Trainee: 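Structure in structure tokens, see below.
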Amino acid sequence: MGLGRTPHRARDHRRGRGGARGGSPILTPVFVGSEIYRHSSYGAWHPLRIPRVSTVTDLARALGWLPADRFRTSPRARAAALTVWHSPAYVAALEEAERRQQVDAATRARHGLGTPSNPVFPEMFRRPATGVGGVMLAAELLREGGVAHVPGAGTHHALPDRASGFCYLNDPVFAVLALRAQGARRVAYVDLDAHHGDGVELAFRDDPHTLVLSVHEEGRWPGTGALADRGAGQVWNLPVPRGFHDDDMARVLDHLILPVVEAFGPDAVVLQCGADGLLEDPQSGLALSNNAHAAAVAAIRPLSPRLLLLGGGGYNPWSVARCWTRLWGILAGERAPGTLPDSARAVLAGLRWMRRGSGRAIEPEMRWIDTLEDPPRGGLPSSEVRARLGMLRARLRVWQ
């Protein structure tokens, strides 16, 4: 099969296998959030010094997309629950680091705490434990089917015994495990972050009942996620070059993501939608617009009775807020207005992003305040993407 722009046509599984046992999927989409994110920061010098979840929450409310019946407050996962995947020693060290607000050299070396990437900050245990609690609650609410958005989750780099890449606890791993506990036998994990989700692949690479599929920038930290990785046959990685754009992603969606997920036949999908692949983001070299993420969410939604949408990377406060709010609108059946109302514009206009080390504010483009939708960012087909897709398509024909 060629790699032209022929759309993949997915079957609608919303009332299919693995859904409600004796009932129908829930009709109300669920947004799981928490006020812990509003005043929590990794530090004034860290890329995660910016507000993200609180802005998405405020923007969705300003648009009228988040009435009370759609919102749930995330609980905080208990330490004992975290040891299902993380080591007891690491969980104890993380709690102790928050309590003492410092770590010794031995803890830093063993567990990766107190480093420039994973600093000590006041909510360093409670904040990630809230992300884990959020996905566990979402999985419970999705037991009979439906959709949920947990924008504070998506920390896919955390390892069993150490923090890594801004991630202290691996809530995507817990999302998969929680969905399993709620009756999902086969779970597909799809990761669109610019960085490969190494912790998630580590957790499930030998599990034939968990599909792990990642599209990420080649050569970008953590340097994992090779094209040749297969796990137990259900691991699919597509490293993409700098400049990867909307038209490239459309081909990847049609010729890799949708057919692989559909062939796997999941009872639930966990979709990590990091926004760091957007053109304006400082932490990658990709050139996507949020139209690419929107198309992915809309196309993946019908492939399973349950969809759990996570956040992830994203370090430009305007592009993150606009992207994740737009994705929530898709799940909630809302249409983004061409020009935002004054109440929504006020949320975006109120953001401040200081240039690290200079003390100067970065001035937003007007469209970052006036609208949710990015202009399309297409281009000529990438030869690297075309070649790698061809290799994975050949593998898919055998796998099916």
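Keep in mind that this is a model prediction, so the values were computed, not measured.
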Trainee: N290 vs W324, test: side-chain contact (heavy atoms from CB on, under 4.5 Å). Steps then yes/no.
Mentor: CA-CA 9 Å; N290 63 28; W324 292 352; over 6 Å; no

Trainee: Using the ring centroid of each side chain, check whether W85 and F174 are separated by less than 6.0 Å.
Mentor: no

Trainee: Is the cationic atom of R395 (NZ for Lys, CZ for Arg) positioned less than 6.0 Å from the six-membered ring centroid of W236 and within 45 degrees of its normal?
Mentor: yes

Trainee: When you compare the side chain of R70 with that of T28, does any pair of heavy atoms fall below 4.5 Å?
Mentor: yes

Trainee: For a 4.5 angstrom cut-off between non-hydrogen side-chain atoms, does H156 reach D198?
Mentor: no

Trainee: Any sub-3.5 Å donor-acceptor pair from D247's side-chain atoms to G379's backbone N or O?
Mentor: yes

Trainee: Is R345 salt-bridged to D370, going by a charged N under 4.0 Å from an acidic O?
Mentor: yes

Trainee: Checking side chain to side chain donor-acceptor pair (under 3.5 Å) for the pair E217/H195: CA distance, chi angles, key distance, verdict?
Mentor: CA-CA 6 Å; E217 185 178 355; H195 302 80; over 6 Å; no

Trainee: Quick one, V235 and F204 - any side-chain contact, counting heavy atoms below 4.5 Å?
Mentor: no

Trainee: Does D248 come within less than 4.0 Å of R386, counting only side-chain N to carboxylate O?
Mentor: no

Trainee: Are H157 and W221 close enough that their ring centers fall under 6.0 Å?
Mentor: yes

Trainee: Decide if the gap between the ring center of F166 and the ring center of H46 is smaller than 6.0 angstrom.
Mentor: yes

Trainee: Can you tell which of R205, Q234, R180 makes a side chain to side chain donor-acceptor pair (under 3.5 Å) with T210?
Mentor: R180

Trainee: Step by step, work out the side-chain contact (heavy atoms from CB on, under 4.5 Å) result for Y42 and R127.
Mentor: CA-CA 10 Å; Y42 280 39; R127 175 170 166 161; 3.8 Å; yes

Trainee: Got a salt bridge between E280 and R367, using NZ or NE/NH1/NH2 to carboxylate O under 4.0 Å?
Mentor: yes

Trainee: Is any side-chain heavy atom of R72 closer than 4.5 Å to one of L137?
Mentor: yes

Trainee: Decide, yes or no, whether a salt bridge links R388 with E218 under the criterion of side-chain N to carboxylate O below 4.0 Å.
Mentor: yes

